[in-house]
*Asks:* 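Pasting a structure below so you can have a look.
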Amino acid sequence: MGGEHRVDGASIIEQLTAGRGIADPYPLYARAHELGAAVPAGPGTVLAVGHAAANQVLRNPAFGLEDIELLSEVDAELARHSSVTLLGRSILQRNAPDHARVRSLIASAFNARRVAALRPAVGAAVGRLLDGMAEQGGDGSPVDFMDAFAFRLPVEVICELLGVPEPDRYRFRGLAGDLTVALELVQDLAELAVADAAADELSGYFTALVAERLARPKDDLVSDLARIAADAPERISGRELLANLVLLLVAGFETTTNLLGNGLALLFRHPQAMEGLRTGALAPARFTDEVLRYDSPVQLTTRIATAEGLDVAGVPAPPGTVVLVLLAAANHDPARYHRPELFDPSRTDSQPLSFGGGSHFCLGSQLARLEAEVAVPALLDRFLRLAPGGVPTRRDRLVLRGFDTLPVTVR
């Protein structure tokens with residue numbers, strides 16, 4: 001097709017980064033599925049659209065990350081931005097063997113046993129935040145669920161794990177939002193100015209916190225990792241330490257905040273699911289899976305072909321090919337899910353790719369699920385007349401999809 005009706009891989013990317021595509025990308029994903037499981041999108045770029053195709057790319061180590069060293073070679077100007085450099089030194093953007101070396105040091109804090117042990121602390125935090133919502137909205141005035149609850153719960157939990165002092169915790173929402181601009185499909189490098197400023201401030205904060213924990217250690221992750229970096233820098237360098245502390249902070253609440261907000265918005269649109277959670281007819285884990293599938297907090301990730309002979313669902317991917325893995329499109333693949341456009345928490349076959357896959361599968365996935373599975377039923381039990389309290393606003397983001405504001409009434 002030509003003109004404004006042209007639909008191909010390149011036009012889909014173009015539309016996804018425009019206003020309407022960001023506001024509602026799902027019609028574009030449906031069009032992409034009509035083109036195939038993998039779609040060429042201009043020279044050196046392929047879209048992985050189908051569930052099997054996306055899963056294949058995520059699990060094949062020959063599709064690596066465009067780490068900071070490679071980026072410095074192919075786009076030196078981009079690599080000079082401090083936000084790009086900081087994230088590029090974290091496990092989010094590292095390849096083997098550096099990725100495995102550093103990830104192994106962090107992973108123990110997020111294993112199943114430790115996460116399960118956090119359930120009472122998560123429940124206590126949920127109770128405090130619900131008390132705050134009840135006080136704030138007791139006179140019938142709207143409460144912004146995003147600010148009063150969806151941000152505060154995961155930031156409280158991840159900061160407790162890290163060892164961030166309580167008075168500092170709520171300063172991070174704006175900084176995290178600014179830093180994650182660097183994860184978007186940036187069209188103009190000037191957009192990275194706010195991300196760079198946030199990266200510099202967060203780096204400075206954790207530099208000071210690491211120094212304090214080396215002088216006065218505590219029982220927290222910052223103390224543990226700071227000691228390793230000081231005693232065995234070959235296991236994790238000082239620069240890697242800072243990058244990964246920032247990553248853990250930001251990733252520890254950005255996606256969970258979006259999961260909680262997206263989930264509540266869906267409950268307002270699907271009152272039968274709300275009733276099912278209240279009565280116990282709908283398991284919280286089943287609901288969480290369907291929120292992740294239907295409106296993923298992370299919409300896409302990127303890989304780069306690093307070996308000869310690779311393909312994505314039959315589309316050749318020679319070395320250097322950039323593969324945009326459309327996680328949210330894969331979650332809506334009609335070849336994988338019956339009526340994927342329907343929100344249906346009764347599904348029994350849900351395997352959303354929202355947390356990625358392979359060696360880079362999200363370390364905090366179990367913690368995010370725990371927080372959602374504790375928080376949502378407690379919210380509904382506490383506020384039996386919970387209802388929309390105004391017009392919500394979406395974030396102007398594609399990669400990290402969520403709400404800026406979600407007003408509710410709790411009387």
*Asks:* Could you check, using the six-membered ring where one of them is a Trp, whether Tyr205 and Phe172 have ring centers closer than 6.0 angstrom?
*Replies:* yes
*Asks:* So, does Asp220 use its side chain to make a donor-acceptor pair with the main chain of Val164 at under 3.5 Å?
*Replies:* no
*Asks:* Which pair of non-hydrogen atoms, one from Arg31 and one from Ile12, has the smallest distance, and what is that distance?
*Replies:* C-CD1, 4.5 Å
*Asks:* Any ion pair linking Arg336 and Asp349 (charged N to carboxylate O, less than 4.0 Å)?
*Replies:*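 Result for this pair is yes, salt bridge flagged.
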*Asks:* Do Asp8 and Ser11 pair up side chain to side chain, a donor and an acceptor below 3.5 Å, judged on atom types alone?
*Replies:*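 Short answer, yes.
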*Asks:* Taking Ser365 for its side chain and Phe355 for its backbone only, find out whether a donor-acceptor pair lies under 3.5 Å.
*Replies:* no
*Asks:* Flag the pair Leu249 / Phe206 as yes when at least one side-chain heavy-atom distance between them is below 4.5 Å, and no otherwise.
*Replies:*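 In short, these two side chains touch, coming nearer than 4.5 Å.
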*Asks:* Any side-chain to backbone donor/acceptor pair from Asp98 onto Asn95? Under 3.5 Å, distance only.
*Replies:* no
*Asks:* Is any side-chain heavy atom of Phe63 closer than 4.5 Å to a side-chain heavy atom of Val312?
*Replies:*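 The answer is yes; the side chains approach within 4.5 Å.
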*Asks:* Check this for me, if you would: do Arg339 and Asp344 make a salt bridge, where the nitrogen-to-carboxylate-oxygen distance has to be below 4.0 angstrom?
*Replies:* no
*Asks:* Indicate yes or no for a side-chain donor-acceptor contact from Arg293 to the backbone of Pro340 under 3.5 Å, with no hydrogens or angles considered.
*Replies:*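 Checking the backbone N and O of Pro340 against the side chain of Arg293, a donor-acceptor pair under 3.5 Å is found.
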*Asks:* Side chain of Thr306, backbone of Ala62: donor and acceptor closer than 3.5 Å?
*Replies:*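 Yes: the side chain of Thr306 pairs with the backbone of Ala62.
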*Asks:* Look at Asp289 together with Arg286 and state whether they make a salt bridge at an N to O cut-off of under 4.0 Å.
*Replies:*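 No, this pair does not count.
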*Asks:* Under 3.5 Å, is there a donor-acceptor pair between the Ser82 and Asp200 side chains?
*Replies:*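 There is such a pair between these side chains.
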*Asks:* Taking all non-hydrogen atoms of both residues into account, name the closest pair between Ala182 and Ser83 and its distance.
*Replies:*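 Taking Ala182 first and Ser83 second, the nearest heavy atoms are CB-OG, 3.7 Å.
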*Asks:* Specify the closest pair of heavy atoms between Pro154 and Thr257, including all atoms of both residues, with the distance to one decimal.
*Replies:*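 Smallest heavy-atom distance, with atoms named: CG-OG1, 3.6 Å.
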*Asks:* Tell me whether Asp333 contacts the main-chain N or O of His51 through its side chain, where contact means a donor paired with an acceptor under 3.5 Å.
*Replies:*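 Indeed, once roles are kept as given, a pair shorter than 3.5 Å links the two residues.
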*Asks:* Considering all heavy atoms of both residues, which atom of Phe361 and which atom of Arg103 are nearest to each other, and what is their separation?
*Replies:*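 Minimum heavy-atom separation between Phe361 and Arg103: O-NH2, 2.8 Å.
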*Asks:* What is the minimum heavy-atom distance between Val323 and Ala48, and which atoms define it?
*Replies:*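 Of all heavy-atom pairs spanning Val323 and Ala48, the closest is CG1-CB, 4.0 Å.
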*Asks:* Does either side chain, that of Ser237 or that of Arg89, offer a donor lying less than 3.5 Å from an acceptor on the other one?
*Replies:*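 The answer is no; no qualifying pair exists.
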*Asks:* So that I can tick it off, tell me whether Arg94 and Glu69 are bridged by a salt bridge, with the cut-off set at under 4.0 angstrom between side-chain N and carboxylate O.
*Replies:*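 Yes.
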*Asks:* Any side-chain heavy-atom pair from Leu35 and Leu47 closer than 4.5 angstrom?
*Replies:*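 Leu35 does not reach Leu47 side chain to side chain.
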*Asks:* Is the side chain of Glu184 donor-acceptor paired with the backbone N or O of Val399 at a distance under 3.5 Å, no angle test?
*Replies:* yes
*Asks:* Report yes or no: do Glu341 and Tyr29 form a side-chain donor-acceptor pair below 3.5 Å?
*Replies:*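 No, no side-chain donor-acceptor pair sits under 3.5 Å.
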*Asks:* Nearest 0.5 Å, please: how far is CG in Leu247 from CG in Leu242?
*Replies:* 12.5 Å
*Asks:* Would you say the side-chain atoms of Ser223 pair up with the backbone N or O of Asp219, donor to acceptor, closer than 3.5 Å?
*Replies:* no
*Asks:* On the 0 to 90° scale, with breaks at 30° and 60°, tag the Phe343-Tyr294 ring pair as parallel, tilted or perpendicular.
*Replies:* perpendicular
*Asks:* Closest heavy-atom contact between Ala372 and Leu259?
*Replies:*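 So the two residues come closest at CB-CD2, 3.8 Å.
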*Asks:* Where the side chain of His360 meets the backbone of Leu58, is there a donor-acceptor pair that is under 3.5 Å apart?
*Replies:* no
*Asks:* Does the side chain of Phe268 reach to within under 4.5 Å of the side chain of Met274, using non-hydrogen atoms?
*Replies:*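 Yes, their side chains come closer than 4.5 Å.
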*Asks:* Between Arg169 and Glu160, does any side-chain N to carboxylate O distance fall below 4.0 Å?
*Replies:* yes
*Asks:* Would you say Arg173 and Asp147 make side-chain contact, with heavy atoms under 4.5 Å?
*Replies:*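 Counting from C-beta outward, Arg173 and Asp147 do come under 4.5 Å.
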*Asks:* Measure the shortest side-chain to side-chain distance between Asp24 and Arg20 over non-hydrogen atoms and say whether it is less than 4.5 angstrom.
*Replies:*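 Not touching, per the 4.5 Å side-chain cut-off.
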*Asks:* Can you find a pair of side-chain heavy atoms, one from Leu105 and one from Asn244, that are under 4.5 Å apart?
*Replies:*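 In short, these two side chains do not touch, never coming nearer than 4.5 Å.
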*Asks:* Using a strict 4.0 Å threshold on nitrogen-to-oxygen distance, state whether Arg395 and Glu254 make a salt bridge.
*Replies:* yes
*Asks:* Is it the case that more than 12 heavy atoms not belonging to Arg171 sit under 6.0 Å from its CZ atom?
*Replies:*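 More than 12 heavy atoms, drawn from other residues, nucleotides or ligands, come within 6.0 Å of this atom.
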*Asks:* Are the side chain of Arg401 and the backbone of Ala328 linked by a donor-acceptor contact shorter than 3.5 Å?
*Replies:*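 Not confirmed, Arg401 side chain does not pair with Ala328 backbone.
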